[in-house]
Number of protein chains: 2
Amino acid sequence: MNELLDYFKKNISISLEIEDKLKEIIVEKNLVKGELILTNDSLKKEHIFVVSGCLRSFYETENAKEHTIQFAIKNWWISDYMTLYTDHKSVVSIESLTHSKVLIISNYKLEQFYKEFPDFEVFQRKNFEKRIAALQRRILNLLALSATEKYNQFIENYAEFEKIIPNYQIASFLGITPQSLSRIRKEKFKN
Amino acid sequence: MNELLDYFKKNISISLEIEDKLKEIIVEKNLVKGELILTNDSLKKEHIFVVSGCLRSFYETENAKEHTIQFAIKNWWISDYMTLYTDHKSVVSIESLTHSKVLIISNYKLEQFYKEFPDFEVFQRKNFEKRIAALQRRILNLLALSATEKYNQFIENYAEFEKIIPNYQIASFLGITPQSLSRIRKEKFKN
DNA sequence: TTAATTTATTACCATAGGTTAACTTTCACA
DNA sequence: TGTGAAAGTTAACCTATGGTAATAAATTAA
């Protein structure tokens, strides 16, 4: 709870009233390794803020192949934007990769919070801009880079993640098979 | 100009004062086919609203290969989010694919406009949410689909674009070569 | 600690899609 | 309206990555 407040306070000033309001709408939850917080097939519209640990959102195709949309650690938001803003059933699952602690806010309550606290609206709009930039960069990487290049970029940009996340999930984030990643790693670390 | 106002008015109510302010900060521009409105190498931070015609943002790699980030038609925004929110030089170019008319707003002025007109902030935040959902969907498609499947999705979702946009640019949007796309089209339309 | 399960590696073969290059069609504009 | 350039197609060949399967290593649970 306080972690989210700290995170906000780094960027905007928050009155006690707002603080109380926030505490009211936030649900704290501890997750064990492997626990699913959002399953595909659900209709839940909620935002998840990671206090500690590591989460992953992914999409499972008919042939049981997983595609990782996002990893999230401390101070990151993770949610299924595709169902958040449509009325379709979720196709995305979110799982905890470690023991973790998260804060959950329902989209409905968050919308109300925006209204009561316009500064947060501004803060969030700026967050979204940065996120759009990041997503566009990822798209460019997917379009332009070879498997090896994508992996190198990944360990450069997500050094903190690399130790926590199993390789087959990194592979599913990069759009390659675990076997391919193994091949790449063998080459990379052969000296 | 009025087109942007109409677009806003569909979603939010705008006072005459705000209307005047908008007219003040917007620059209207007509583009001929092939004209570059933003070149890589520039430091311009601006948002482009398409009134008519069709634009494309793309990234050019060292080996002169183009990768299309986005197409935009009437009532769409297009800009280089990666440089908009960093201090790096742009690596992205934006070109007009047809005769088009656009409205340009500098990012600085837009930030001021947000302050003076909080309703627009809300409107924009919601736009960004939808855009994030769309970008995540594109990432999923890039991760999960074969070249043929990506092309089929494209003509389904972007039917209006398909007639305007040359195939080699569609290929560069899907992350495949023009030759590959040709092969796919041959198969698809062979009956 | 051991057994069971999950993850990672390796090898071998298959293939989608890339590359090169020649040819055809379409388009812009002189 | 003709000509040169740009875009699209086709074919032959090639390569990076996928698929399958067997084994090894690591992690989890008992």
Side-chain angles (χ1 to χ4, degrees), chain A residues 31-36 54 56 58 60-68 71 95-99 141-155 161-190, chain B residues 31-36 53-54 56 58 60-68 71 95-100 141-155 161-190:
Chain A
L31 304 166
V32 300
K33 182 168 179 173
E35 189 170 350
L36 286 169
C54 183
R56 172 178 83 114
F58 62 97
E60 205 171 333
T61 51
E62 314 78 53
N63 53 52
K65 281 193 184 139
E66 287 179 6
H67 301 279
T68 296
F71 297 111
E95 71 167 346
S96 184
L97 300 185
T98 61
H99 229 281
N141 285 345
L142 288 173
L143 291 177
L145 303 184
S146 71
T148 308
E149 289 167 328
K150 284 188 281 186
Y151 181 58
N152 287 336
Q153 280 257 351
F154 181 84
I155 14 190
F161 288 14
E162 206 226 331
K163 303 137 203 162
I164 309 169
I165 300 170
N167 285 326
Y168 78 92
Q169 290 181 5
I170 294 177
S172 87
F173 179 83
L174 300 177
I176 60 178
T177 57
Q179 295 89 326
S180 244
L181 181 53
S182 231
R183 183 157 41 198
I184 290 163
R185 286 167 51 79
K186 184 184 181 184
E187 196 57 29
K188 186 177 177 76
F189 303 119
K190 74 176 170 191
Chain B
L31 304 166
V32 300
K33 183 170 180 173
E35 187 169 354
L36 286 170
C54 182
R56 172 177 83 115
F58 63 97
E60 204 170 334
T61 51
E62 314 77 54
N63 53 53
K65 281 192 185 141
E66 286 179 6
H67 302 278
T68 297
F71 297 111
E95 71 167 344
S96 184
L97 301 186
T98 60
H99 229 280
S100 14
N141 286 345
L142 288 173
L143 291 177
L145 303 184
S146 71
T148 307
E149 290 168 327
K150 284 188 281 185
Y151 181 59
N152 287 336
Q153 280 258 350
F154 181 84
I155 17 188
F161 288 16
E162 207 225 331
K163 303 137 204 160
I164 309 168
I165 301 170
N167 285 326
Y168 77 93
Q169 290 181 5
I170 294 178
S172 87
F173 178 82
L174 301 177
I176 60 179
T177 58
Q179 294 89 328
S180 241
L181 182 54
S182 229
R183 185 155 40 191
I184 289 163
R185 286 167 53 78
K186 185 185 182 185
E187 197 56 28
K188 186 177 175 76
F189 303 118
K190 74 176 171 190

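Convention: sequence-line order gives letters A, B, ...; per-chain numbering from 1.
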Calculate the interatomic distance between A:Leu145 atom CG and C:dG18 atom P; express it in whole Å. 14 Å
A:Thr148 vs B:Pro178, nearer the 5' end of DNA chain D by closest nucleotide: B:Pro178
In whole angstroms, how far is the P atom of C:dT6 from the CG atom of A:Leu97? 16 Å
Exam field: side chain A:Thr98 to backbone A:Cys54, donor-acceptor pair closer than 3.5 Å: yes
Would you classify A:Gly175 as touching base, sugar-phosphate or nothing, given that sugar-phosphate means primed atoms plus P, OP1 and OP2, and contacts are heavy atoms under 4.0 Å? sugar-phosphate
Between C:dT9, D:dT17, D:dA7, spot the one nearest the side chain of A:Ser182, thanks. C:dT9
Would you kindly give the CG-to-P distance between A:Leu143 and C:dG18, to the nearest whole Å? 11 Å
Is any N or O donor-acceptor pair between the side chain of B:Arg183 and the base of D:dG8 shorter than 3.5 Å? no
Does C:dG17 have OP1 or OP2 sitting under 4.0 Å from an N or O in the side chain of B:Thr177? no
Between A:Gln169 and A:Pro166, is there a donor-acceptor pair closer than 3.5 Å when you use the side chain of the first and the backbone of the second? no
Which nucleotide in the set D:dA21, C:dA21, D:dA7 lies at the smallest distance from any side-chain heavy atom of B:Gln179? C:dA21
What is the distance, rounded to the nearest whole Å, between atom CD1 of B:Ile184 and atom P of D:dG8? 14 Å
Taking the side chain as C-beta and beyond, is there a heavy-atom pair between B:Arg185 and B:Tyr151 under 4.5 Å? yes
Which nucleotide sits closest to the side chain of B:Lys65: C:dA11, C:dT19, D:dG18? C:dT19
When rounded to whole Å, the NE2 to P distance for the pair A:His99 and D:dT28 reads 12 Å
Could you give me the CA-CA distance, side-chain angles and deciding distance for B:Lys188 and B:Asn152, then say whether side chain to side chain contact (heavy atoms under 4.5 Å, CB included) is met? CA-CA 9 Å; B:Lys188 186 177 175 76; B:Asn152 287 336; 2.6 Å; yes
Student check: side-chain heavy atoms of B:Phe71 and B:Leu97 closer than 4.5 Å: yes
Distance below 4.0 Å between A:Asn167 side-chain N/O and C:dA8 OP1 or OP2: yes
So which nucleotide from C:dT9, D:dG19, D:dT9 ends up closest to the side chain of B:Arg185? D:dT9
When you measure from the side chain of B:Ser146, which nucleotide among C:dG17, C:dA11, D:dT17 comes out closest? C:dG17
Ignoring the backbone of A:Ile176, work out which of D:dT9, D:dG18, D:dA7 is nearest its side chain. D:dG18
Would you check, one step at a time, whether the test side chain to side chain contact (heavy atoms under 4.5 Å, CB included) holds for A:Glu66 with A:Glu60? CA-CA 4 Å; A:Glu66 287 179 6; A:Glu60 205 171 333; 4.2 Å; yes
Closest to the A:Lys33 side chain: D:dT28, C:dG17, D:dA7? D:dT28
From CG of A:Asn63 over to P of D:dT20, roughly how many Å is that when rounded to an integer? 10 Å
What is the distance, rounded to the nearest whole Å, between atom NZ of B:Lys188 and atom C1' of D:dT9? 18 Å
When you get a sec, tell me which of D:dG8, D:dT17, C:dA11 is the closest nucleotide to the side chain of A:Ala147? D:dT17
B:Lys186 NZ to C:dG17 C1': how many Å, rounded? 15 Å
